[in-house]
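Protein chains get the first letters and strands the later ones, always in sequence-line order, with residue 1 at the start of each.
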There are 2 protein chains.
Amino acid sequence: MSTPHYHYLQQYFSDLIASQQLVSGSKLPSEREIGEQFKLTRVTIRQALKNLEAEGLIYRQNRRGWFVSPAAVIYHPASHLSFNLYVTEQGFSPSTEKLAQQVEPANERIAQLMNIPIGNPVLYLHRRRYIDQRPVLIEKMYINQNLLPGIEEEDLTESLSQILKRKYQQEYRDMDLSFKSTSLPAHAANDLGIAAGQPGLQIERINYTGHKQVLEIDYEFWRHDAVTINIAIRD
Amino acid sequence: MSTPHYHYLQQYFSDLIASQQLVSGSKLPSEREIGEQFKLTRVTIRQALKNLEAEGLIYRQNRRGWFVSPAAVIYHPASHLSFNLYVTEQGFSPSTEKLAQQVEPANERIAQLMNIPIGNPVLYLHRRRYIDQRPVLIEKMYINQNLLPGIEEEDLTESLSQILKRKYQQEYRDMDLSFKSTSLPAHAANDLGIAAGQPGLQIERINYTGHKQVLEIDYEFWRHDAVTINIAIRD
DNA sequence: TTGGTCAACTGGTATATACCAGATAGTGTA
DNA sequence: TACACTATCTGGTATATACCAGTTGACCAA
C-alpha cells in the first residue's frame, strides 16, 4: 500500500476540476456512486473528499451532496473597498442578509476599545453574506453609536462604508486586523449551513475614524475556501 | 442521537486543555486507550481528534501520538521583525534548519517580478523553522542575487534581515502579502513530518528594497495552529 | 558501553455494515 | 390547482474488525 487508495481518488477529482471537466458549482456523484465505480467503501471515499475539502477544491451542503468550489475572492482589506464592490469587481454576485440587529450593553473588551463605560449601549449587527448565492461569511459587529447617531435607522444590509460616507461624511481609515486559520465555531458553522468543525478563517477587525476613535469592531467567519487575503505594506 | 458521541469527546478534551489539566506539549492517551475508556470505536475517536486538530487545540506526530498544541505565535509582518526576534519576544525558542540552497534559473514569474531575464540565476533557499523544537514552518525563497552579491557565502540559517542589515546596509521596506487557508501541499507536509492534506496556512511574500526593486520572494507553509497574523493598517 | 534485534505500541488505511436525519421529487388527494 | 404525504436519495454517525508501517524501549550480544 505504497500510495493509499484515497490518494488516487483525490488525484482523480483534482484532475477533473483542473481540466474543467467538473466546473465550479457542479455536483459530484454521491459517495455511494463513487464507491460503486471505484470499488471502495464510503470511509475511504470520505477521506479523499475531506482532503479535497481541506484543499478548498470542493465543499459540501448538508445531505445534499458535494460540489466544486468557486474560485476564491480576493479580499484586500487595506483598499477600504466594500464587500459589495470588490466581489462585484471580480465578477461575482454579492448579497447580504441581516440576521440580527439590536442595541446591547458593551462588554469589557468592547467598552475598553471604544473608550466608553462598560454596559453602555452599542449596536450589535449580525449578517450573512453570499457570493453567487453561496453563504461564505458570517459577520458579527459592534458599532459605536456615539459616533454614528441614528445609524440603527438605516438599511443595514447595505454596505456600511457607503452609509458612513453618505450620512456621516466618514470614511474607514486605520484598522487593526487579526487572522487565524481555525475551524468554525458552532454558531458560525450553523449560520453558514455547514457541519461544525470544518476549516475556516477567522478575522477580527477594528476600524478607526480619522481621529483614532473606534468606529466598529468586526468579527468575521469565512469559509476557508472562499477567500484569499492580499495586503500591501507601504512604509 | 441529538448530540453525537464525538462531540462529547471533543468537549471533554477541550475542557481538559482549557483547565490546564492537559498542558501544552503533553501527550493524549492513545486512540485505543480512549476507546476503551469511553466504549467507542477508533473511527468515532478519530473524528473527535481531527476536529480538535482543526480547532488547533491538538496536533499529531506520525505514529507517535496526539499532543496538545502550544499557543500560537503572533506574526506581525508589518513590524519587519525577524522570525527569531518575534518568536523569542513571545517567550518561545526559535531555531532554523537549512534544507537546501542552490543557484537556479529564474522561472517566468520570478523573472518578471525581479525584472531580470528568464533563466538568469537566482538563489533558492529552502528552510525549516521550529518553535520550541516543533517544526512549524517551511520556507521556500528566491533571492535576487544581483542586489545582494555574495549572499550565498553567508550562514543562511541566520536571520536574513540581519544579514541584510549587517552586510548590505539594507532593510526590508515595502512588501506584498497574500494569505490563503488551505491544506499543506505534499512537499511541505512531508518537510513538517505530518500527513499530507492537513490544514495549513500559505503565505506568499514579496519583499522590496527602498527603491521598489524585488529583493526576495518568499513562500511560507505554516502549521495552521502555530500562528496568528496581526496587521495594523495606517494610511 | 555500544550497537543490533525484536516485540509491542502508535497512528494510518481499509472493508463491511447499519441506522439516522435532512433534502427532494413524485404521487395522490382534496 | 394546491398541498400533504411518502419513498428515495443524500450525507452524518457509528460499530466491529483487520492489517500496514513507523516509533519506541527492552533485551541481548559483541
Side-chain angles (χ1 to χ4, degrees), chain A residues 1-11 13 25-54 58-69 133-135 183-184 186 189-199, chain B residues 1-11 13 26-54 58-69 133-135 183-184 186 189-198:
Chain A
M1 199 184 303
S2 55
T3 54
H5 293 159
Y6 70 79
H7 189 263
Y8 280 110
L9 253 191
Q10 245 177 286
Q11 196 61 51
F13 284 111
S26 55
K27 189 175 173 301
L28 271 57
S30 76
E31 296 175 358
R32 287 169 176 85
E33 277 180 68
I34 298 172
E36 237 171 280
Q37 183 180 347
F38 289 89
K39 305 290 173 207
L40 296 171
T41 57
R42 278 181 68 207
V43 176
T44 307
I45 287 152
R46 282 170 71 80
Q47 168 107 28
L49 295 176
K50 283 175 178 179
N51 284 0
L52 289 164
E53 182 186 42
I58 64 175
Y59 69 100
R60 42 184 148 168
Q61 286 183 38
N62 200 301
R63 286 165 233 266
R64 297 216 323 116
W66 293 87
F67 302 83
V68 177
S69 295
Q133 273 75 55
R134 183 169 78 132
S183 64
L184 293 171
N190 209 49
D191 288 343
L192 289 172
I194 61 183
Q198 289 187 50
Chain B
M1 197 184 302
S2 57
T3 53
H5 293 160
Y6 70 80
H7 188 264
Y8 280 111
L9 251 192
Q10 246 177 284
Q11 197 60 52
F13 283 111
S26 55
K27 190 175 172 303
L28 271 58
S30 77
E31 296 176 358
R32 288 168 178 85
E33 276 181 68
I34 299 172
E36 238 172 278
Q37 183 180 346
F38 289 89
K39 305 289 175 210
L40 296 171
T41 56
R42 278 182 69 206
V43 177
T44 306
I45 287 151
R46 281 170 72 80
Q47 168 107 26
L49 295 176
K50 283 175 177 178
N51 284 1
L52 290 163
E53 181 186 43
I58 64 175
Y59 69 100
R60 41 183 147 167
Q61 285 183 39
N62 200 301
R63 286 165 234 267
R64 297 215 325 115
W66 293 87
F67 301 84
V68 178
S69 294
Q133 272 75 55
R134 183 170 78 131
S183 64
L184 294 172
N190 207 49
D191 287 344
L192 289 171
I194 61 186
Q198 287 187 53

Roughly, in whole Å, what's the span from [atom1] in [X] to [atom2] in [N]?
X      : N       : atom1 : atom2 : result
R63(A) : dG11(D) : CZ    : C1'   : 6 Å
R32(A) : dT8(D)  : CZ    : P     : 14 Å
I45(A) : dT13(C) : CD1   : P     : 16 Å
E53(B) : dG11(C) : CD    : C1'   : 12 Å
E33(A) : dC9(D)  : CD    : P     : 10 Å

By nearest heavy atom, map E31(B) and V43(B) onto DNA chain C; which one lands nearer the 5' end?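 Comparing both residues, the 5'-ward one is E31(B).
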
Using a cut-off of strictly less than 4.0 Å, decide whether [X] has a side-chain nitrogen or oxygen near OP1 or OP2 of [N].
X      : N       : answer
R64(A) : dT24(C) : yes
R60(B) : dG12(C) : yes
R46(A) : dG12(D) : yes
Y6(B)  : dT13(D) : yes
Q61(B) : dG11(C) : no
T44(B) : dT15(D) : yes
T41(A) : dA14(C) : no

Please tell me which of the listed nucleotides, [options], lies nearest to the side chain of [X]?
X      : options                   : value
L40(B) : dT15(D), dG11(C), dG12(D) : dT15(D)
P4(A)  : dG22(D), dT13(D), dA14(C) : dA14(C)
S30(A) : dT10(D), dG11(C), dT15(D) : dT10(D)
H5(A)  : dT15(C), dG11(D), dA18(D) : dT15(C)

Minimal non-hydrogen separation, P29(B) against I34(B), with atom names: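 Of all heavy-atom pairs spanning P29(B) and I34(B), the closest is O-CD1, 3.6 Å.
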
Working note: L9(B) + T44(B), criterion side chain to side chain contact (heavy atoms under 4.5 Å, CB included); need CA distance, chi angles, decisive distance, verdict. CA-CA 9 Å; L9(B) 251 192; T44(B) 306; 5.6 Å; no

Over all strands shown, is K50(B) touching base, sugar-phosphate only, or nothing at heavy-atom distances under 4.0 angstrom? nothing

Check whether F67(A) forms a cation-pi arrangement with R134(A) (NZ or CZ under 6.0 Å from the six-membered ring centre, at most 45° off the ring normal). no

Step by step, would you call L28(A) with I58(A) a side chain to side chain contact (heavy atoms under 4.5 Å, CB included)? CA-CA 9 Å; L28(A) 271 57; I58(A) 64 175; 4.2 Å; yes

I'd like to know whether R46(A) forms a side chain to side chain contact (heavy atoms under 4.5 Å, CB included) with E53(A), so could you lay out the CA-CA distance, the side-chain angles of the two residues, the decisive distance to 0.1 Å, and finally the verdict. CA-CA 10 Å; R46(A) 282 170 71 80; E53(A) 182 186 42; over 6 Å; no

